[in-house]
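By convention in this document, chain letters (A, B, ...) are assigned in the order of the sequence lines, proteins followed by strands, and residues within each chain are numbered from 1.
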Number of protein chains: 2
Amino acid sequence: MSAGKTRNEIIKAADQLIYLNGYEHTSFATIANVVKISRGNFYYHFKTKDQILNAVIEQRKTNTRSMIRQWEQQHTKPAERIKCYIKIILQNWPKIKQHGCPVGTLCNEMTKLSHPSQKQARGIFTIFRKWLRDQFRLLGHEEQADQLAMHVLSWSQGVATMASTFKAQQFAENEVDQMCRWLDELTTGKSI
Amino acid sequence: MSAGKTRNEIIKAADQLIYLNGYEHTSFATIANVVKISRGNFYYHFKTKDQILNAVIEQRKTNTRSMIRQWEQQHTKPAERIKCYIKIILQNWPKIKQHGCPVGTLCNEMTKLSHPSQKQARGIFTIFRKWLRDQFRLLGHEEQADQLAMHVLSWSQGVATMASTFKAQQFAENEVDQMCRWLDELTTGKSI
DNA sequence: CTAATTATAGGTCAATCGTCCTAATGCGAG
DNA sequence: CTCGCATTAGGACGATTGACCTATAATTAG
């Protein structure tokens, strides 16, 4: 029954390594070394590299849902919840500075490799997208809800890319402020 | 003297392949096959893979400067010039849909690999950044010029990432429209 | 306790990676 | 024409890749 434990450790290590160095750059051997396990044992749990990737994506989805649940518990106002998402980039700044947004960079790599798991990776974004859409609906923006959700996702992605490229924390802070103010104006009923 | 010709063909092919499949996924052999050249000949022109990358980046910088020069010749109004940049994503949509923004995805990969050429790749963005900054200065936004330039770069990057991830052309068009309207408001003297 | 199942270790495989080398060309200057 | 340099071809290298296999150790079931 310790199989599940080993499996989880593999997924956890793979998750980290894929975030730090990218999927293609992450090898069987590297993961096995981190988990301190033989490559043979590794193969017992995952037959192919893509299977690990899918397991990692599934775990990221689970973590994402869990994080969203926390936001919902911490704040009842939709606008405050959305700001939680907006501010992730500042909370995780040290890591984002060096390795970018975990979701965005993975999707970029999947797109570039025309990888079969492209759709699954996109699914992480979809969780955020649907949730943001729901929050905007609660704010009374029925029709534009999805468009606004995509706008927030897109805005954050751009900031993550440019801030990590230029290692520009100040820029990230400025943009987060702008996003919050934009959201406030949206809440008080002005046009976008 | 045909050495320069072969060298240019190598750079051209490498440029394409790196854009399509990413730097790490692009091998010596693949490039050599495309150029129809032996790997030995390849080594005569470029000793290491990083040398090819740097040559590709340099060419992209040259192409970037050339593109900017065209914009300056086509439009005298800074706002119209900036719109040229904003609209690239729609002009190159078929390719961006499948492979993302050439600059952004390369910088992302360099960041992820902690690659020595990270700074050089960032230089392509810097060309756009400085040029956009100059255009905003011409529009009378002296102090905020650089911040506005980064804002435009960031906005475009986000749209490119999300649009390519979700293969969403409609979203890209919407965002480009928003960016143009935002720019118009900025031009007519309203606040950002 | 024993048998069966689960889990781990470690070796092997062909393919590919970046790199390097030498031999054979092409070609222009004298 | 010939000498010498520039260019090309193609093989070989050690290392690493994802994948696979078998033998052993650990655990569980009866």
Side-chain angles (χ1 to χ4, degrees), chain A residues 1-58 106 109-110 112-118 120-121, chain B residues 1-58 106 109-110 112-118 120-121:
Chain A
M1 189 51 70
S2 80
K5 201 184 113 197
T6 303
R7 201 186 131 94
N8 282 339
E9 284 179 7
I10 292 174
I11 296 177
K12 190 178 170 186
D15 187 9
Q16 278 289 318
L17 290 168
I18 289 176
Y19 176 40
L20 298 184
N21 309 321
Y23 172 67
E24 200 171 19
H25 194 70
T26 301
S27 69
F28 271 64
T30 310
I31 304 175
N33 283 341
V34 170
V35 189
K36 287 183 173 45
I37 244 173
S38 66
R39 299 180 325 271
N41 186 11
F42 199 108
Y43 183 73
Y44 173 77
H45 294 280
F46 297 96
K47 298 295 179 194
T48 70
K49 197 182 175 185
D50 288 357
Q51 283 184 12
I52 311 170
L53 175 61
N54 287 334
V56 166
I57 292 177
E58 279 311 312
L106 180 64
E109 192 178 359
M110 296 292 105
K112 191 122 293 196
L113 300 177
S114 300
H115 195 281
S117 296
Q118 202 175 344
Q120 311 217 31
Chain B
M1 189 50 68
S2 79
K5 200 184 115 197
T6 302
R7 200 186 131 93
N8 282 339
E9 284 179 6
I10 291 176
I11 296 177
K12 190 178 170 185
D15 187 9
Q16 278 288 319
L17 289 169
I18 289 177
Y19 176 41
L20 298 184
N21 309 320
Y23 172 67
E24 200 171 19
H25 194 70
T26 301
S27 68
F28 271 62
T30 311
I31 303 174
N33 282 340
V34 169
V35 190
K36 286 183 173 48
I37 243 173
S38 67
R39 282 159 300 131
N41 186 11
F42 199 108
Y43 183 72
Y44 173 77
H45 294 279
F46 297 96
K47 300 293 180 193
T48 69
K49 198 182 175 186
D50 289 356
Q51 283 185 14
I52 311 169
L53 175 60
N54 287 334
V56 166
I57 293 177
E58 279 311 312
L106 179 64
E109 193 178 359
M110 295 293 104
K112 191 122 295 198
L113 301 177
S114 299
H115 196 281
S117 296
Q118 201 176 344
Q120 312 216 31

Fill in the blank from the handout: Ranking D/dA9, D/dG18, C/dA9 by distance to the side chain of A/Ser38, first place goes to C/dA9
Exercise for the section: Identify, with sequence neighbours excluded, every residue that meets side-chain hydrogen bond (donor to acceptor under 3.5 Å, both in side chains) alongside B/Asp15. Expected result: B/Gln59, B/Arg60
Exercise for the section: Check whether any side-chain nitrogen or oxygen of B/His45 sits under 4.0 Å from OP1 or OP2 of D/dT8, and answer yes or no. Expected result: yes
Problem - Test salt bridge (Lys or Arg N to Asp or Glu O under 4.0 Å) applied to B/Glu58 - qualifying residues, sequence neighbours left out - result: B/Lys61
Exercise for the section: Name all residues meeting the side-chain hydrogen bond (donor to acceptor under 3.5 Å, both in side chains) criterion together with A/Asn33; count only those two or more places apart in sequence or in a different chain, and write none if there are none. Expected result: none
Could you list all N or O pairs between the protein and nucleotides 12-14 of chain C that sit under 3.5 Å apart?
{"from": "C/dT12", "atom 1": "O4", "to": "A/Arg39", "atom 2": "NH2", "distance (Å)": "3.0"}

Exercise for the section: Using a cut-off of strictly less than 4.0 Å, decide whether A/Thr6 has a side-chain nitrogen or oxygen near OP1 or OP2 of C/dA7. Expected result: no
Exercise for the section: Rounded off to whole Å, could you give me the OH-to-C1' distance for the B/Tyr43 and C/dA23 pair? Expected result: 16 Å
Practice task
From the options D/dT7, C/dC21, C/dT8, select the nucleotide whose nearest atom is closest to the side chain of B/Asn41.
Solution key: D/dT7
Exercise for the section: Respond yes when some side-chain nitrogen or oxygen of A/Tyr44 is under 4.0 Å from OP1 or OP2 of C/dA7, and no when none is. Expected result: yes
Fill in the blank from the handout: A/Asn8 CG to C/dA7 P, in whole Å, measures 13 Å
Please list, one pair per line, the donor and acceptor atoms closer than 3.5 Å that link side chains of residues 46-53 of chain B to other protein atoms, with sequence neighbours excluded.
{"from": "B/Thr48", "atom 1": "OG1", "to": "B/Gln51", "atom 2": "N", "distance (Å)": "3.2"}
{"from": "B/Lys49", "atom 1": "NZ", "to": "B/Tyr23", "atom 2": "O", "distance (Å)": "3.2"}
{"from": "B/Lys49", "atom 1": "NZ", "to": "B/Glu24", "atom 2": "O", "distance (Å)": "3.4"}
{"from": "B/Lys49", "atom 1": "NZ", "to": "B/Thr26", "atom 2": "O", "distance (Å)": "2.9"}
{"from": "B/Asp50", "atom 1": "OD1", "to": "B/Tyr23", "atom 2": "OH", "distance (Å)": "2.7"}
{"from": "B/Asp50", "atom 1": "OD1", "to": "B/His115", "atom 2": "NE2", "distance (Å)": "3.1"}
{"from": "B/Gln51", "atom 1": "OE1", "to": "B/Lys47", "atom 2": "N", "distance (Å)": "3.2"}

Practice task
Mind calculating the distance between NZ (B/Lys5) and P (C/dC27) to the nearest angstrom?
Solution key: 11 Å
Practice task
Quickly work out the A/Ile52 CD1 to D/dT17 C1' distance and round it to whole Å.
Solution key: 13 Å
Practice task
Round to the nearest Å and state the distance from A/Phe42 atom CZ to C/dT8 atom P.
Solution key: 12 Å
Handout entry: Atom of A/Leu106, atom of A/Ala121 and distance for their closest heavy-atom approach
Key = CD2-CB, 4.1 Å
Fill in the blank from the handout: When rounded to whole Å, the CG to P distance for the pair B/Asn33 and D/dT8 reads 16 Å
Exercise for the section: Report the distance from atom CD1 of B/Ile37 to atom P of D/dA9, rounded to the nearest whole Å. Expected result: 6 Å
Completion exercise
Sequence neighbours excluded, the answer for ring-ring contact (aromatic ring centres under 6.0 Å, His included) partners of B/Phe42 is B/Phe28
Fill in the blank from the handout: Heavy-atom nearest pair, B/Leu113 first then A/Asn21, reads CD2-O, 3.8 Å
Practice task
Output the residues of residues 23-32 of chain A in contact with DNA chain C, where contact means a heavy atom of the residue under 4.0 Å from an atom of the strand; sort by number or write none.
Solution key: none
Exercise for the section: Report the distance from atom CD of A/Gln51 to atom P of D/dC20, rounded to the nearest whole Å. Expected result: 10 Å
Fill in the blank from the handout: B/Tyr19 meets the ring-ring contact (aromatic ring centres under 6.0 Å, His included) criterion, sequence neighbours left out, with B/His99
Problem - Partners meeting side-chain hydrogen bond (donor to acceptor under 3.5 Å, both in side chains) with B/Ser27 (sequence neighbours left out) - result: B/Thr30
